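Everything quoted here is computed from the prediction, not taken from an experiment. Side-chain atoms are counted along with the backbone in the values below, which use heavy atoms only and exclude waters and symmetry mates. Remember, it's 1-based here, ligands and their atoms both numbered in the order they're listed.
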Amino acid sequence: MVRATPAAMPAAIFGERKPMRYKTILLFGAPGSGKGTQGKILSAIPGFFHSACGDVFRSLDLQSEMGRVFWQYSSRGELVPDEFTVQLWKNYIKGMEMVNQFHPESQLLVLDGIPRNVKQAQLLEDTLDVVKVVYLVCADMNKMVERLRRRALKENRIDDASEEVIRNRLEVYEKNTKPVTEYYPKDKIMTVDATMSQIKVLQKIIDVVTPIKSGIDHARETQEMSGLTPKHDERAKNASATSSNKPQPVGAK
Ligand code: ADP
């Protein structure tokens with residue numbers, strides 16, 4: 001049985017919706033580079049919606065067929081197959097829109113953990129309008145391994161419990177994920193030293209996303225004033241401040 005998360009719901013039930021490419025900031029970097037930490041901080045700011053692909057996977061019931069597929073790959077430190085991953089994530093984000101958690105017309109999507117290879121980037125072209133890639137760079141692999149080990153203990157992440165799996169995850173990153181930085185135009189990539197303190201990394205990210213967010217707000221206000229778009233309510237404005245964007249089982253006991 002699959003838990004009734006938006007991710008697990010068949011896309012068909014969401015009905016026909018006008019296709020929209022979500023304005024997106026990609027948080028990019030190796031496992032342990034701090035993408036998730038920064039994404040969670042941004043999600044507390046109104047107007048930002050953070051989605052971590054790994055969290056979407058972890059919200060699946062491991063006894064379900066989808067959950068088993070996820071575990072089969074993640075327990076070895078490998079990537080889950082592309083079509084499966086992208087479809088699952090697309091269903092999830094549509095679900096978030098449907099349940100009024102994600103407001104793409106006013107919120108900037110902060111994405112972490114997807115796309116994780118060039119194929120996924122291609123499969124997401126119809127859905128994402130990537131405006132910036134924040135590339136968290138850490139040259140010291142041992143530092144990453146250390147961070148992942150600590151996180152495994154703190155967050156009970158069994159996929160990072162063994163050194164062998166951690167090393168494999170970092171190898172997969174080098175071989176498959178890093179090339180995604182070549183896929184996007186150079187002027188969209190902003191590199192940030194991931195070994196700096198969290199607040200310094202945050203400062204760099206805020207510097208780059210603030211003008212982007214202001215641009216979206218300005219365009220939205222202009223549209224509202226011209227009567228082209230209905231005024232969006234306060235609930236939409238504050239959605240990301242009041243809710244955790246972590247995948248929540250819908251109707252789960
Ligand atoms: P990290 O935060 O360490 O980068 P994640 O939580 O993003 O790790 O991912 C955990 C595992 O979930 C991955 O090792 C992989 O098996 C699977 N996974 C997450 N995102 C993707 C993706 N975009 N494509 C394929 N597999 C993924």
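- For a threshold of 3.5 Å applied to N or O pairs, the pair formed by A30 and ligand 1 contains no separation below that value.
- Rounding to the nearest 0.5 angstrom, the gap separating the NZ atom in K204 from the OG1 atom in T191 is 9.5 Å.
- Heavy-atom proximity to atom 23 (N) of ligand 1, evaluated over G113, S75, A152, P31, is greatest for G113.
- For the residues D55, V172, V80, the heavy atom positioned nearest atom 26 (N) of ligand 1 is part of V80.
- Evaluated for a side-chain contact (heavy atoms from CB on, under 4.5 Å) with I205, the options T210, V110, V134 yield exactly one hit, V134.
- Looking at Q72, R58, E78 and measuring to atom 15 (C) of ligand 1, the nearest heavy atom belongs to E78.
- The closest protein non-hydrogen atom to atom 7 (O) of ligand 1 is R116 NH1, 2.9 Å.
- Distances below 4.0 Å separate heavy atoms of I114 from the following atoms of ligand 1: 23 (N).
- Scanning the protein for heavy atoms near atom 3 (O) of ligand 1, the closest one is R169 NH2, 2.3 Å.
- Counting heavy atoms closer than 4.0 Å to ligand 1, residue W89 contributes nothing at all.
- Aromatic ring pairs are classed by plane angle as parallel below 30°, tilted from 30° to 60° and perpendicular above 60°; the pair Y135 and F28 is perpendicular.
- We find that E171 and R167 are not joined by a salt bridge, their nearest charged nitrogen and carboxylate oxygen being 4.0 Å or further apart.
- Residue T37 holds its OG1 atom at 8.0 Å from CZ of R147, rounded to the nearest 0.5 Å.
- Contacts between R147 and ligand 1 below 4.0 angstrom, taking non-hydrogen atoms only, are absent altogether.
- Residue-ligand proximity, R151 to ligand 1, at heavy-atom distances under 4.0 Å covers atoms 1 (P), 2 (O), 3 (O).
- In K132, the NZ atom is crowded: over 12 heavy atoms of neighbouring residues, nucleotides or ligands sit closer than 6.0 Å.
- Residue K35 approaches ligand 1 through these ligand atoms, each under 4.0 Å from one of its heavy atoms: 4 (O).
- Near F70, meaning under 4.0 Å from any of its heavy atoms, are these atoms of ligand 1: 12 (O), 17 (C).
- Heavy-atom contacts of Q120 reach the following atoms of ligand 1: 22 (C), 23 (N), 24 (N), 25 (C) (cutoff under 4.0 Å).
- Open room surrounds CD on Q198; 12 or fewer heavy atoms of other groups in view lie less than 6.0 Å from it.
- Linking Ile, Leu, Val, Met, Phe, Trp and Tyr residues whenever their side-chain heavy atoms come within less than 4.5 Å leaves W71 and I166 in two separate clusters.
- In this structure, R76 satisfies the cation-pi test against Y73, with its NZ or CZ atom closer than 6.0 Å to the six-membered ring centre and inside 45 degrees of the ring normal.
- Ring centroids of F49 and Y22 are separated by 6.0 Å or more, keeping the two rings apart.
- At a 4.0 Å heavy-atom cut-off, ligand 1 touches T85 through the side chain alone.
- Protein heavy atom at the shortest distance from atom 27 (C) of ligand 1 is F57 CE1, 3.6 Å.
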